[in-house]
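Okay, structure first, notes after.
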Amino acid sequence: METILTITNLNKIFNKRVHAVKNVSFEIKKGNVYGILGPNGSGKSTTLGIVLNVVNKTSGDYQWFNGSLPTHEALKKVGAIIERPNFYPYMTAEENLKLVCKIKGIPYSKVFEKLELVGLLERKDSKFRTFSLGMKQRLAIASALLNDPEILILDEPTNGLDPQGIRQIRDLIKLIASQGTTILLASHLLDEVEKVCSHVVVLRYGETLYHGAVDGMLSNEGFFELKSDNIVLLKERLQKHTAVKDIKIEEDKVFVYLKDHLEADELNQYLFENGIILQHLVKRKNSLEEQFLQLTKTN
Amino acid sequence: MKRLLLIEFQKLLKNRASKFLIISYFVLLSFIALIASIKFDFGKLKFHIAEQGIFNFPYIWHFNTYIAGYFKLFLAIVIVSMMANEYTYGTLKQNLIDGLSKKEFILSKFLTVVTFALVSTVFIFLMSLILGYSFSSYTEFGIVFSDLNYLIAFFFKLIGFFSFCLFLGILVKRSAFALGFLLIWYFFEWIVYGIMGKFILKDFDLMDKISNFFPLQSMSNLIKQPFSRLSAIKNIETTITGEDVARDYGVHFSEIAIVCVWTFIFIYLSYYILRKRDL
């Protein structure tokens, strides 16, 4: 698989005191959707700032496209939005996008197409300063997509948006991901990452805690949440099942942890055949949030 | 290069305030022609400026470039704000992310400065030519096109001054503060001149020579004030002081060189700051 970005042992120390990024290394491969997770102040934006040529690294290295291009040329093949949308407030949406075309050295042909994609075509002649935050953010996405980039980098794209805005941006990201664009999404909103990303990098205090596939992070088989009138019998029957590892009873609910794969319908059938009728059956996996909190817990 | 200029001019001309200032600048420049119509009337003493010889070739080159030098402040505001706005809008960051290199960014601003200086120079050249042909007592080709080095001086004076503005815009990041800084720097040069001349060197002749190397002083040295060159004023001065003061009005290569060095320093420092700063 083609490598888009390689980061090796990257360090950033602000003002000789704040060590914002510590020895971070990871690789971005073409076609995957990556999430960078981390609490506020964990070095997500700084890391992105460094590879995007706006923050100077202290040590370490990064390479775009295996080092075949200098950074600013490589960035012409990248689409990126950092924190808040930055455009010229006195220019219209269309004019702002045309300026980006001039910078990237590409023809204007994609301007309308991308405005339509983000649903701003009717507002193309409105000045940027008249836009709502959601519209500004969508314009930023249109601008990042102008060159049909090899990779789209989004830093907290839903920050400060209302629920509709968040939904619109999220749908847009899913749409773009489904078209095969590589995406790097930095966020502290975990369900956001869980919903769209295939790979994650977890940072805390500037250090990499985990990097790999999302599924790898959620590696356990999951657990069941059950309820029945006869809890004692239920427990007894469950203990006989080969896939069950552990059973816990909390209030009136029974939590069943698994060591092997077991589907909900199989379990239901097994219990029914053993004379137990369930009132409640849910199969759950540890959410990314729980995994993340466990991972970033200060030891 | 064309790409960089196109980028910069879109940023400037879509901005209503900048456009207004640029247009005002050129309109005001052409108002120099209106000086021709000024007539003072002190009772018995009638005084018509156009008849005092200010529009005579080649003196007009000196006079017009000197007067036009004052209007550069309009473009200074445009230049300071075109730089500072990139910081306030956060667009500098976005430009870099979109794939403009830091070098290209500074170059695009510098090219704009050069364009402004060039257009102003050509504008003054054409206007002086027209004014001169209308009012000058001498219109022989050799006289008309002598002393054109004032235009060269004007060109470098503008580039130097605008580069200073550019540098202040990057350094201070806020237009109003950068312009304030420019004013403070102007006073600062005079204060240093006064204190060093009086207390440290105790020698104003030497101090005069040193101050020729100060940035703003070196720019203003390029074109010296032209008024005392006029016969009417010269006569008054000779009457009052009782002696004929000899002054040097010429444009000197060494002075242009000093301004070029400052231009280089300002542009390089701008680039240096941009490279070092985390955005």
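The chains referred to below are lettered A, B, ... by the order of the sequence lines, with proteins before strands, and numbering in each begins at 1. Note that the structure is a prediction, hence the values are computed from the model and not measured.
- The two residues A:Tyr88 and B:Tyr89 make their nearest non-hydrogen contact at CD2-CD1, 3.9 Å.
- Residues of residues 101-111 of chain A lying within less than 4.5 angstrom of chain B, judged on heavy atoms, are A:Lys102, A:Ile103, A:Lys104 in numerical order.
- Residues of residues 6-18 of chain B placed with any heavy atom under 4.5 Å of a heavy atom in chain A are listed by number as B:Leu6, B:Ile7, B:Gln10, B:Lys11, B:Lys14, B:Asn15.
- Of the listed residues A:Leu52, A:Val54, A:Thr71, the one with more heavy-atom pairs under 4.5 angstrom with chain B than any other is A:Val54.
- Contact annotation for A:Lys77: neither backbone nor side-chain heavy atoms come within less than 4.5 Å of a heavy atom of chain B.
- Using non-hydrogen atoms only and a strict 4.5 Å limit, the part of residues 90-116 of chain B facing chain A consists of B:Gly90, B:Thr91, B:Lys93, B:Gln94, B:Asn95, B:Leu96, B:Ile97, B:Asp98, B:Gly99, B:Leu100, B:Ser101, B:Lys102, B:Glu104.
- Counting heavy-atom neighbours within 6.0 Å of A:Glu116 CD, excluding the residue itself, gives a total of 12 or less.
- Counting heavy-atom pairs under 4.5 Å between each of A:Met91, A:Lys12, A:Arg84 and chain B puts A:Met91 at the top.
- Near-neighbour residues of residues 262-279 of chain B relative to chain A, defined by a heavy atom under 4.5 Å from a heavy atom of that chain, comprise B:Arg275, B:Lys276, B:Arg277, B:Asp278, B:Leu279.
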